**Q** 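Encoded as structure tokens, here's the structure I'll be asking about.
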Amino acid sequence: MATAVPIPPRVAAAVAARAETVVKAYGSGETQVMALDGVSLDIQRGAFTAIMGPSGSGKSTLMHCLAGLDTVTSGRIWIGSTEITGLRDTRLTRLRRDHVGFVFQAFNLLPTLNALENITLPMDIAGRKPDKAWLDRVIATVGLADRLRHRPNELSGGQQQRVAVARALAARPAIIFGDEPTGNLDSRAGAEILGFLRRSVDELGQTIVMVTHDPVAAAYADRVLYLADGRLVDDMYAPTAELVLDRMRRFDVAQFQRKA
Ligand code: ADP
């Protein structure tokens, strides 16, 4: 079993997660799929990073590998200053529980618990007392103060996803991963959630990595990483929806030309 190698402290201060030459292959021989084909990147602390690319380009695989939900075929991954490739399951589970938050497309709330109980559930399970002042701030940031006693089926889709965002923020994780977090919402509710994610970066200093295929969603980020065929093909700072859409179009045309 490999031992965890820390990133040098000066570098680690700015890096929330890092991938170094990560390969993820599914299957073998003729039918092998290289979902990730040598991806290296740093996720900056206190920034909102979007991962974009066409369907099948490896976005979800990259997110799962960065978050320690899936193993890599080769290469190395760090969360904060801890290398997670090679960590034993128990340590990895503890690291994920203590330092990583998730917001998925499906809201994943427990139907029998009210909004507040859902928000504090991960901390209750971990036996941690929520920091009351922080919790109040998170609840105010996502605008849930008057909905805390409602159960999920008494809330709209947008409100349910706000609960899921608050749940991810409440434990003050080092990094939050979102996999198409607005995929199940109409555009107004989606814009609201993206606004909350943006505010949690600007006002609460949260680090967020979001997988999306939507240029409008990506425009809320500070930086957009583009994947194609399991490779990192571009890196854009200060994106706008128009710039992202334009970049996607050029990739689509290039891919079409390669395959034609
Ligand atoms: P994206 O999120 O960009 O749509 P994915 O990361 O889901 O892409 O998939 C990348 C590639 O890996 C695709 O070709 C997909 O078919 C393949 N893939 C993903 N998961 C599996 C799996 N469990 N088994 C086999 N192939 C997989």
Side-chain angles (χ1 to χ4, degrees), residues 17-43 48-79 84-85 89 92-93 96 100-108 161 164 168 175-185 190 193-194 197 208-221 223-236 239 241 243-260:
R18 160 174 289 184
E20 199 179 276
T21 337
V22 167
V23 171
K24 177 71 179 180
Y26 289 110
S28 58
E30 293 273 290
T31 56
Q32 191 177 57
V33 174
M34 298 292 270
L36 297 175
D37 193 4
V39 172
S40 296
L41 56 85
D42 281 346
I43 299 294
F48 189 172
T49 305
I51 300 175
M52 289 206 80
S55 179
S57 58
K59 302 183 294 297
S60 298
T61 305
L62 176 60
M63 194 202 93
H64 287 124
C65 290
L66 281 175
L69 291 171
D70 205 350
T71 56
V72 301
T73 305
S74 65
R76 303 165 75 182
I77 308 254
W78 286 261
I79 292 178
I84 62 165
T85 26
D89 269 358
L92 184 57
T93 304
R96 257 201 328 260
V100 182
F102 294 98
V103 182
F104 295 104
Q105 189 168 345
F107 316 128
N108 289 330
Q161 192 62 314
I175 187 164
I176 290 180
F177 291 97
D179 196 354
E180 301 275 5
T182 56
N184 274 337
L185 302 175
I193 291 296
L194 291 161
L197 293 177
I208 297 183
V209 178
M210 172 180 74
V211 165
T212 182
H213 66 274
D214 176 5
V216 174
Y220 283 79
R223 177 191 186 196
V224 184
L225 298 168
Y226 295 88
L227 285 179
D229 295 329
R231 296 204 176 102
L232 198 60
V233 291
D234 217 335
D235 193 347
M236 180 193 280
L243 282 172
V244 174
L245 190 61
D246 186 51
R247 192 70 55 103
M248 297 297 284
R249 274 202 205 103
R250 281 192 279 134
F251 288 139
D252 283 349
V253 171
Q255 225 165 11
F256 183 78
Q257 280 170 336
R258 268 209 311 281
K259 287 174 182 164

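We count ligands from 1, going down the list as the structure has it; atoms in each ligand are counted the same way. This structure is a prediction, so every number in the text was calculated from the model and none was measured.
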**Q** How would you list, by chain and number, every residue that makes a ring-ring contact (aromatic ring centres under 6.0 Å, His included) with Y226, sequence neighbours excluded?
**A** F251
**Q** What are the distances between nitrogen or oxygen atoms of ligand 1 and protein nitrogen or oxygen atoms, counting only those under 3.5 Å?
**A**
residue, atom, partner, partner atom, Å
ligand 1, 2 (O), S60, N, 2.9
ligand 1, 2 (O), S60, OG, 2.9
ligand 1, 3 (O), G56, N, 3.4
ligand 1, 3 (O), S57, N, 3.1
ligand 1, 3 (O), S57, OG, 3.4
ligand 1, 3 (O), G58, N, 3.1
ligand 1, 3 (O), K59, N, 3.0
ligand 1, 3 (O), K59, NZ, 2.9
ligand 1, 4 (O), G56, N, 2.7
ligand 1, 6 (O), T61, N, 3.0
ligand 1, 6 (O), T61, OG1, 2.5
ligand 1, 8 (O), G58, N, 3.2

**Q** Heavy-atom distance under 4.5 Å between the side chains of L232 and L62, does that happen here?
**A** no
**Q** Taking the side chain as everything from C-beta on, heavy atoms only, tell me whether I176 gets closer than 4.5 Å to V103.
**A** yes
**Q** Between L36 and V72, is there a side-chain heavy-atom distance shorter than 4.5 Å?
**A** no
**Q** Would you mind reporting whether Q105 and D179 have side-chain heavy atoms less than 4.5 Å apart?
**A** no
**Q** Is there a side-chain contact between N184 and Q161, using heavy atoms and a 4.5 Å cut-off?
**A** no
